[in-house]
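Letters A, B, ... mirror the listed sequences (proteins, then strands); counts begin at 1. Only this structure's heavy atoms are used, side chains among them; waters, hydrogens and symmetry mates stay out.
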There are 2 protein chains.
Amino acid sequence: MVRRTGRRPGNQDTRQSILHAARAVFAERGYDKASIRAIAGAAEVDPALVHHYFGTKDKLFLASMNMPIDPSKLLPEALAGPRESAGVRLVGLVLRIWDSPAGAAALAVFRSALSNEWTARLMREFVVTQVLRRAVTELSLDPAEAPIRSALTATQIAGLLFVRYVLRIEPVASMPAEALTRAVGPSVQHYLTGDLPQL
Amino acid sequence: MVRRTGRRPGNQDTRQSILHAARAVFAERGYDKASIRAIAGAAEVDPALVHHYFGTKDKLFLASMNMPIDPSKLLPEALAGPRESAGVRLVGLVLRIWDSPAGAAALAVFRSALSNEWTARLMREFVVTQVLRRAVTELSLDPAEAPIRSALTATQIAGLLFVRYVLRIEPVASMPAEALTRAVGPSVQHYLTGDLPQL
DNA sequence: TGTTGATTTCAACGCTAGATGAATTTCTCG
DNA sequence: CGAGAAATTCATCTAGCGTTGAAATCAACA
């Protein structure tokens with residue numbers, strides 16, 4: 001048994017404070033404009049401490065995005081049930097996530113995806129492998145049509161998030177999630193299981 | 001007639017080169033990551049010259065976005081015709097603009113809209129006052145329903161642009177515009193003139 | 001108490017950014 | 001030509017960034 005002397009790990013509140021501050025600042029400003037100094041300031045901590053705990057800014061970003069949402073648990077839950085209402089349930093799930101406190105992390109990735117190339121790649125891979133591909137198998141779509149159906153679905157959902165949370169165009173910005181779900185769900189439903197025009 | 005002595009204005013090539021370079025770099029990198037130095041480099045010009053002609057970076061951005069597209073001429077053209085196919089024509093117009101060389105300027109605003117707050121406001125005001133409001137009157141929508149209809153339309157179109165030109169998710173990224181128009185047009189049409197669920 | 005090692009701070013490096021003002025070149029006209 | 005104004009360049013300022021390494025602080029153990 002290795003008897004370690006010296007100060008025991010103790011105060012890891014600060015590590016958590018930094019993570020919380022990082023999520024908030026990344027969500028508000030996006031990856032590039034969120035400075036380590038600003039995050040440290042929000043956590044009332046010295047900037048160097050951030051590096052001491054997380055190394056680089058990249059790693060901090062990944063660490064702060066890591067915990068929040070697990071689509072492998074949420075998606076099947078939303079997609080299970082009648083195929084005819086999967087679109088509505090999917091939109092509802094997305095809005096519920098984004099409106100929740102955990103949605104800050106998702107918004108951070110979204111905001112960062114335009115200004116920064118590697119966060120865009122991060123988001124693209126996440127969307128494609130964790131969301132779309134999963135939805136495809138869950139709904140047992142025709143493999144030939146699956147890519148186009150999921151990409152079209154992505155257009156409607158991405159646009160919804162863009163207008164509601166980034167551009168904040170009214171009345172979409174402050175509508176209750178339920179009403180928005182009823183309005184947008186059918187379009188998604190159509191992309192998932194409706195007739196496709198000849199391409 | 002005022003006869004000014006000294007060197008006549010002459011070489012305005014450089015001013016134009018700077019504008020061209022600015023549009024290209026802004027479109028590729030977005031407002032924040034497009035540096036004056038990079039723009040000057042692309043125009044093969046000293047960075048200070050850019051300031052000499054345009055003052056600040058803000059003004060350069062506005063100047064380079066100024067000429068390209070005039071929605072007051074294009075929109076009526078696209079919206080005129082049967083109401084039942086206005087959605088398809090609108091999507092077709094948008095894709096034609098973005099695929100054209102002039103679309104670089106539009107893409108610049110779009111890319112910049114997430115990373116920078118005042119460019120987002122710029123885009124929001126442009127979209128609301130120049131596009132949506134115009135479309136509303138052109139289609140003579142019910143004033144009570146107009147805001148929600150145009151905002152929903154914005155979600156679908158913004159998402160389409162986001163997935164096709166920013167995230168570049170296949171197959172939407174490289175589909176011919178016509179096929180995409182056929183796939184997405186009906187959704188837009190539904191938002192413009194279809195039945196709205198109770199809100 | 002004094003050693004130890006984790007926690008936290010301090011000061012600084014190297015870099016890039018937008019912006020400025022003086023200096024220099026280049027052209028046109030009297 | 002040479003004066004004068006525009007076009008263009010040069011050196012530089014200030015500010016912020018991520019990052020680093022050494023120093024200081026602190027709590028638990030021997």
Participant: Looking at Tyr53(A), does any N or O in its side chain come under 4.0 Å of the phosphate oxygens OP1/OP2 on dT8(C)?
Facilitator: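 Yes, within the criterion.
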
Participant: If you assign Ala38(A) and Ala48(A) each to the DNA chain D nucleotide with the nearest heavy atom, which residue ends up on the more 5' nucleotide?
Facilitator: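 Looking at the nearest nucleotide for each, Ala38(A) comes out on the 5' side.
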
Participant: Between CZ of Arg182(A) and CG of Leu196(B), what distance do you get to the nearest 0.5 Å?
Facilitator: 11.5 Å

Participant: Any donor-acceptor pair under 3.5 Å linking the side-chain atoms of Gln189(A) with those of Ser85(A)?
Facilitator: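 Side-chain D/A pair, Ser85(A) to Gln189(A): absent.
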
Participant: Taking atom P of dC17(D) as reference, at what distance in whole Å does atom CG of Asp32(B) sit?
Facilitator: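 So the two atoms are 13 Å apart, to the nearest Å.
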
Participant: Which value, rounded to the nearest 0.5 Å, describes the distance between Leu95(B) atom CG and Met175(B) atom CE?
Facilitator: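 Reported to 0.5 Å precision, the distance equals 9.5 Å.
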
Participant: Would you mind telling me which residue lines up with the more 5' stretch of DNA chain C, Arg37(A) or Pro47(A), judged by nearest nucleotide?
Facilitator: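 Taking each residue's closest nucleotide, the earlier one in sequence belongs to Pro47(A).
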
Participant: Side-chain contact, heavy-atom cut-off 4.5 Å: Val184(A) with Tyr191(B)?
Facilitator: yes

Participant: Rounding to an integer number of Å, can you tell me how far His51(B) NE2 sits from dC10(D) C1'?
Facilitator: 15 Å

Participant: Could you give the OH-to-P distance, from Tyr31(A) to dG18(D), as a whole number of Å?
Facilitator: 8 Å

Participant: Measure from CG on Asp46(A) to C1' on dG21(D) and round the result to the nearest Å.
Facilitator: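 Roughly 13 Å, once rounded to whole Å.
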
Participant: Quick check on dT8(C): is either OP1 or OP2 less than 4.0 Å from any side-chain nitrogen or oxygen of Thr14(A)?
Facilitator: yes

Participant: Would you indicate which nucleotide in dT8(D), dG18(D), dC10(C) comes nearest to any side-chain atom of Leu49(B)?
Facilitator: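 Minimum distance to the Leu49(B) side chain belongs to dT8(D).
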
Participant: Over how many whole Å does the gap from Ile39(B) atom CD1 to dG18(C) atom P extend?
Facilitator: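 Going from Ile39(B) (CD1) to dG18(C) (P), I get 8 Å.
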
